[in-house]
Colleague: 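Below you will find the structure I want to go over with you.
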Amino acid sequence: MTTRLVIANWKMNGDLALIDATVEAYPQVSKVDVILVPPSLYVAALLAAANDRFQVGLQDIGRHDGGAHTGELAASMAAELGVAAVIVGHSERRADNSEDDAIVAAKAQRVLEAGLMPVICVGESIEERQAGQAEARVRAQVQAQAENLRSRLPVAIAYEPIWAIGTGVSASVVDAVAMHRAIRSALEQIAPDHADEMRILYGGSVNAENAAELFAHVEIEGVLVGGASLDTDQFAAIIRAAGAAQG
Ligand code: 13P
């Protein structure tokens with residue numbers, strides 16, 4: 001079975017005290033991959049505290065290699081520091097910063113070039129789901145990454161239905177599993193020889209209560225956790241649930 005991947009996306013939250021508290025509450029679980037993704041300013045502190053128990057990621061990256069782009073970070077800089085992964089195309093960035101699929105693909109490409117793993121977010125709006133277009137929308141977002149997906153480098157896809165993010169309303173497990181299968185079939189069409197190396201994560205109101213139910217399904221190869229990752233006990237419980245599912 002694929003090793004489950006648990007990613008904490010702190011978004012624009014957290015402080016040095018949360019780093020200490022997270023490390024303090026961090027459970028002894030060996031069979032789960034964990035990546036903590038704080039605001040970029042805290043990456044160095046988190047890397048220093050990691051002690052090989054978890055990896056550290058970024059929430060976004062510049063789409064250029066470097067140069068005159070004030071305020072931007074290059075994937076090569078993240079690699080130099082020891083960052084393992086970069087979230088790209090989160091729906092909050094797509095909405096707040098008008099990032100379209102082409103920008104997301106450019107960012108994922110920079111991440112791959114730097115030897116890091118992109119965590120490419122996809123997901124439909126509530127209007128798209130109500131109109132019966134959820135699967136078509138998500139497949140199109142995956143298809144837009146085809147070139148990156150064919151690279152044979154480590155990639156994760158995070159399915160995050162927009163209406164489930166920060167709302168406390170998770171997708172039903174049935175709907176999540178169905179979408180993960182649709183994404184898996186899209187990946188197999190795009191990259192038949194190595195689609196099975198890519199992990200598909202679910203994100204959207206994952207918490208200590210619903211994690212075990214999600215992990216009970218082999219299609220849910222990991223989770224991308226927002227709000228609950230700021231609660232150190234809940235986050236530890238989610239990691240434990242992933243470990244228990246791993247057996
Ligand atoms: P919540 O877990 O707060 O719903 O956020 C999900 C998310 O957007 C993770 O990237």
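Order of listing sets the numbers, starting from 1, for every ligand and every atom in it.
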Colleague: How far is atom 2 (O) of ligand 1 from the closest protein heavy atom, and which atom is that?
Modeller: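 Of the protein heavy atoms, Gly226 N, 2.9 Å lies nearest.
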
Colleague: Starting from atom 5 (O) of ligand 1, which protein heavy atom do you reach first, and at what distance in Å?
Modeller: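 I find the closest protein heavy atom is Lys11 NZ, 3.2 Å.
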
Colleague: Nearest 0.5 angstrom please: Asp33 CG to Ile239 CD1, how far?
Modeller: 11.0 Å

Colleague: Counting only nitrogen or oxygen atoms and a 3.5 angstrom limit, does His90 reach ligand 1?
Modeller: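 Yes: some nitrogen or oxygen of His90 is under 3.5 Å from one in ligand 1.
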
Colleague: In Å, rounded to the nearest 0.5 Å, how long is the span from CZ of Arg181 to CD of Glu135?
Modeller: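 Arg181 CZ to Glu135 CD: 11.5 Å, rounded to 0.5 Å.
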
Colleague: Strictly by modelled atom types, are Gln145 and Gln141 linked by a side-chain donor-acceptor pair under 3.5 Å?
Modeller: no

Colleague: Indicate whether the side chain of Tyr202 and that of Ser170 have a donor and an acceptor atom separated by less than 3.5 Å.
Modeller: yes

Colleague: At what distance is the nearest protein heavy atom to atom 6 (C) of ligand 1, and which residue and atom is it?
Modeller: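 Nearest neighbour among protein heavy atoms for atom 6 (C) of ligand 1, to 0.1 Å: Glu160 OE2, 3.6 Å.
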
Colleague: What about Gly204: any of its N or O atoms under 3.5 Å from an N or O on ligand 1?
Modeller: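 No, Gly204 has no N/O under 3.5 Å of an N/O on ligand 1.
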
Colleague: Nearest protein heavy atom to atom 3 (O) of ligand 1, by residue and atom, and its distance?
Modeller: Gly227 N, 2.8 Å

Colleague: Kindly confirm or rule out an N or O of Ala228 lying under 3.5 angstrom from an N or O of ligand 1.
Modeller: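 No - when backbone and side-chain N and O of Ala228 are compared with those of ligand 1, no distance drops under 3.5 Å.
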
Colleague: We want to know whether His90 and Glu160 form a side-chain donor-acceptor pair, criterion being a heavy-atom distance below 3.5 angstrom.
Modeller: yes

Colleague: Any N/O of Gly166 closer than 3.5 Å to an N/O of ligand 1?
Modeller: yes

Colleague: Return the CD to CG distance between Glu197 and Leu153, rounded to the nearest 0.5 Å.
Modeller: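 Reported to 0.5 Å precision, the distance equals 10.0 Å.
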
Colleague: Share the residues that join Val37 in a hydrophobic cluster, the rule being Ile, Leu, Val, Met, Phe, Trp or Tyr side chains under 4.5 Å apart at the heavy-atom level.
Modeller: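 Besides Val37, the cluster holds Leu5, Ile7, Ile35, Ile87, Met117, Val119, Leu201, Leu224.
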
Colleague: Is it true that Ala164 lies under 4.0 Å from ligand 1, counting heavy atoms only?
Modeller: yes

Colleague: Look at ligand 1 and say whether Ser205 reaches it with a heavy atom at a distance under 4.0 Å.
Modeller: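 Heavy atoms of Ser205 do come under 4.0 Å of ligand 1.
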
Colleague: Counting from 1, what ligand 1 atoms have a heavy atom of Leu224 closer than 4.0 Å?
Modeller: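 Those of ligand 1 that fall under 4.0 Å from Leu224 are 9 (C), 10 (O).
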
Colleague: If we only count N/O pairs under 3.5 Å, is Asn9 in contact with ligand 1?
Modeller: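 Right, the criterion is met.
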
Colleague: Side chains of Tyr42 and Leu18: closer than 4.5 Å at any heavy-atom pair?
Modeller: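 A side-chain contact is absent here, since even the closest heavy-atom pair is not under 4.5 Å.
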
